[in-house]
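What follows is a single structure, written as structure tokens, with notes after it.
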Amino acid sequence: MANGGPVEHGYPHLEVVRTSITALYKRLSYDTIQAFDTSVSPVEVAFCDTDDLHLGAQRVARELVRHYRLPDARLIVGFREMTHAANVELAAGPEYFVELNDRFRTHRRDIGAALAHEVAHVYLHRLGLSFPGVRENEILTDTAATYLGAGWLLLDAYREDGASSQKLGYLTPEEFGYVLAKRARVFGEDPSVWFTSAQAYTAYVEGRGRARQDAEQPPLTAAGWAGRRRYARDRRRAREPRAGAGGVERGVPYVFSAEGAPGAGAGARAAGAGGRGVGGGGGLRVSFPCPTCHQRIRVPVRGRVRARCGLCRTVLDCDT
């Protein structure tokens, strides 16, 4: 929790965030993620200064437990002086002890944000989904909370001015905005209407622009002129006899390989522009990350192709 100190900005954890989204789809499945189509609403976690501190915290915790579909989990919330925003004891359950920073005694409107992260820890613990490093695991937790409809609270808790600052979670404000935009694209939500923090809205708009770039990379047909030109150049190089696997410069999302070489990820079902299946025979293939779940997709280099991601079921129009 940044409290009065500098707030990190930008996208330093973007690759871990993308890996986290892929891991969620792999562990939960498309159908389970679709069940989280409705985000936590502001009224469900509203907390007035006149509310009893402990009863109000327990009420918000129950709402978040319900949102994460943990009917048999019971959170016992307490407060103490600590460095971090909150901490949860990940025992066998069904009772979980959550400690919140004493700061929340007087900043009650942000209790829902702190609990959104901690209940996500419980949810992932029960799923058996984790990353090896502590920091990577916390980024996974923030990403899961946001993608599953509760993490907008964490971004809304971000406030910064010349005299003070506050940010909860391990993602930067722009990274929270990025994940929120990814979710909004899947479920057709507009989370910006829930923000009470002007800085949170600005970070969401910035993250939304970065997320849009994922859907505008070649070989997707939405790619811009410069990207398409670079892709055509790299494709020519990849077809040269001595180009070898890849044959492209660093920093681009796609990789070329000989058809028949081992693929990557869940793959995709592809059909040509005429609707007939394409596959088999010699030639070149290109692999690239799905703009929704970031699982790598591998399709033939044969002009206009429509591919369906085998993991998140997104249908993609490509010009390979």
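Because only heavy atoms are used, hydrogens play no part in the values below, and waters and symmetry mates are left out as well, while side chains stay in.
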Next on the checklist: Between Ile139 and Thr19, does the side-chain contact (heavy atoms from CB on, under 4.5 Å) criterion hold? Intermediate values first, please.
Outcome noted: CA-CA 10 Å; Ile139 292 170; Thr19 302; over 6 Å; no
Check: [Y] main-chain N/O paired with [X] side-chain donor or acceptor under 3.5 Å:
| X | Y | answer |
| --- | --- | --- |
| Tyr170 | Leu140 | no |
| Thr22 | Cys293 | yes |
| Lys182 | Val186 | no |
| Ser165 | Pro6 | no |
| Arg210 | Tyr178 | no |
| Thr172 | Gly10 | yes |
| Ser197 | Tyr158 | yes |
| Arg69 | His67 | yes |
| Arg18 | Pro289 | no |
| Gln58 | Leu75 | yes |

Next on the checklist: Please verify the inter-ring angle class for His121 with His117; under 30° counts as parallel, over 60° as perpendicular, anything in between as tilted.
Outcome noted: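 Judged by the thresholds at 30° and 60°, the geometry between His121 and His117 is perpendicular.
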Checklist entry - Aromatic rings Trp152 and Trp194: how do their planes relate, parallel, tilted or perpendicular, breaks at 30° and 60°? => result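 Tilted.
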Checklist entry - Applying salt bridge (charged side-chain N to carboxylate O under 4.0 Å, His left out), which residue pairs with at least one partner in residues 91-101 are found, sequence neighbours left out? => result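 Listed once each, the pairs are Arg74-Glu95, Arg80-Glu99.
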Heavy-atom side-chain contact between [X] and [Y] under 4.5 Å:
| X | Y | value |
| --- | --- | --- |
| Asp110 | Arg159 | yes |
| Phe187 | Ser39 | no |
| Arg228 | Asp319 | yes |
| Lys167 | Pro173 | yes |
| Gln166 | Arg103 | yes |

Which distance, rounded to the nearest 0.5 Å, do you find between the [atom1] of [X] and the [atom2] of [Y]?
| X | Y | atom1 | atom2 | value |
| --- | --- | --- | --- | --- |
| Asn137 | Thr141 | CG | OG1 | 5.0 Å |
| Leu220 | Thr320 | CG | OG1 | 11.0 Å |
| Thr196 | Asp156 | OG1 | CG | 3.5 Å |
| Arg208 | Leu180 | CZ | CG | 11.0 Å |
| Glu15 | Ser20 | CD | OG | 11.0 Å |
| Arg59 | Leu64 | CZ | CG | 10.5 Å |

Item to check | Of all pairs that satisfy ring pair (Phe, Tyr, Trp, His ring centres under 6.0 Å), the ones with a partner from residues 38-63, not counting sequence neighbours | outcome: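 Sorted result for residues 38-63: His54-Phe79.
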Can you tell whether the side chains of [X] and [Y] come within less than 4.0 Å, N to carboxylate O?
| X | Y | answer |
| --- | --- | --- |
| Arg306 | Asp317 | yes |
| Arg66 | Glu63 | yes |
| Asp51 | Arg109 | no |
| Glu189 | Arg183 | yes |

Grouping I, L, V, M, F, W and Y whenever their side-chain heavy atoms are under 4.5 Å apart, do [X] and [Y] come out in a common cluster?
| X | Y | result |
| --- | --- | --- |
| Ile76 | Val119 | no |
| Tyr201 | Val193 | yes |
| Tyr68 | Phe97 | no |
| Tyr30 | Leu24 | no |

Heavy-atom closest pair, residues [X] and [Y]:
| X | Y | result |
| --- | --- | --- |
| Glu175 | Leu14 | OE2-N, 3.5 Å |
| Thr221 | Cys318 | CG2-C, 3.6 Å |
| Cys290 | Ile297 | CB-CD1, 3.7 Å |
| Phe176 | Gly169 | CZ-CA, 4.3 Å |
| Ser257 | Leu284 | O-CD1, 3.4 Å |
| Val179 | Val17 | CG2-CG1, 3.5 Å |

Checklist entry - What residues form a side chain to side chain donor-acceptor pair (under 3.5 Å) with Tyr25, not counting sequence neighbours? => result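 Listed in chain order: Tyr147.
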Next on the checklist: So, using side chain to side chain donor-acceptor pair (under 3.5 Å) as the criterion, who are the partners of Asp102 when residues are at least two apart?
Outcome noted: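 Residues passing side chain to side chain donor-acceptor pair (under 3.5 Å) with Asp102: Arg105.
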Checklist entry - Given His294 and Asp214, is the side-chain contact (heavy atoms from CB on, under 4.5 Å) satisfied, shown in steps? => result CA-CA 9 Å; His294 298 283; Asp214 292 346; 3.5 Å; yes
Donor-acceptor pairs under 3.5 Å, side chain of residues 123-135 to any protein atom, not counting sequence neighbours: which ones?
unit_1: His125; atom_1: NE2; unit_2: Ala91; atom_2: O; d: 3.3
unit_1: Arg126; atom_1: NE; unit_2: Tyr96; atom_2: OH; d: 3.0
unit_1: Arg126; atom_1: NH1; unit_2: Asp72; atom_2: OD1; d: 2.7
unit_1: Arg126; atom_1: NH1; unit_2: Asp72; atom_2: OD2; d: 3.4
unit_1: Arg126; atom_1: NH2; unit_2: Tyr96; atom_2: OH; d: 3.4
unit_1: Arg135; atom_1: NH2; unit_2: His13; atom_2: NE2; d: 3.2

Next on the checklist: Could you check whether atom CZ of Arg108 has more than 12 heavy atoms from other residues, nucleotides or ligands sitting under 6.0 Å from it?
Outcome noted: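 Above 12, so yes.
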Next on the checklist: Run the side-chain contact (heavy atoms from CB on, under 4.5 Å) test on Val122 and Val98 for me, step by step, so that the C-alpha distance in whole Å, both residues' side-chain angles and the decisive distance to 0.1 Å come before the verdict.
Outcome noted: CA-CA 10 Å; Val122 175; Val98 178; 5.9 Å; no
Item to check | Any residue meeting side chain to side chain contact (heavy atoms under 4.5 Å, CB included) with Ala232, in chain and number order, not counting sequence neighbours | outcome: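 Checked Ala232 against side chain to side chain contact (heavy atoms under 4.5 Å, CB included); matches are Arg235, Arg236.
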Checklist entry - Taking the six-membered ring of Tyr254 as reference, does the NZ or CZ atom of Arg230 fall below 6.0 Å from its centre and within a 45° cone about the axis? => result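 No; the conditions do not both hold, so Arg230 does not lie above the ring face of Tyr254.
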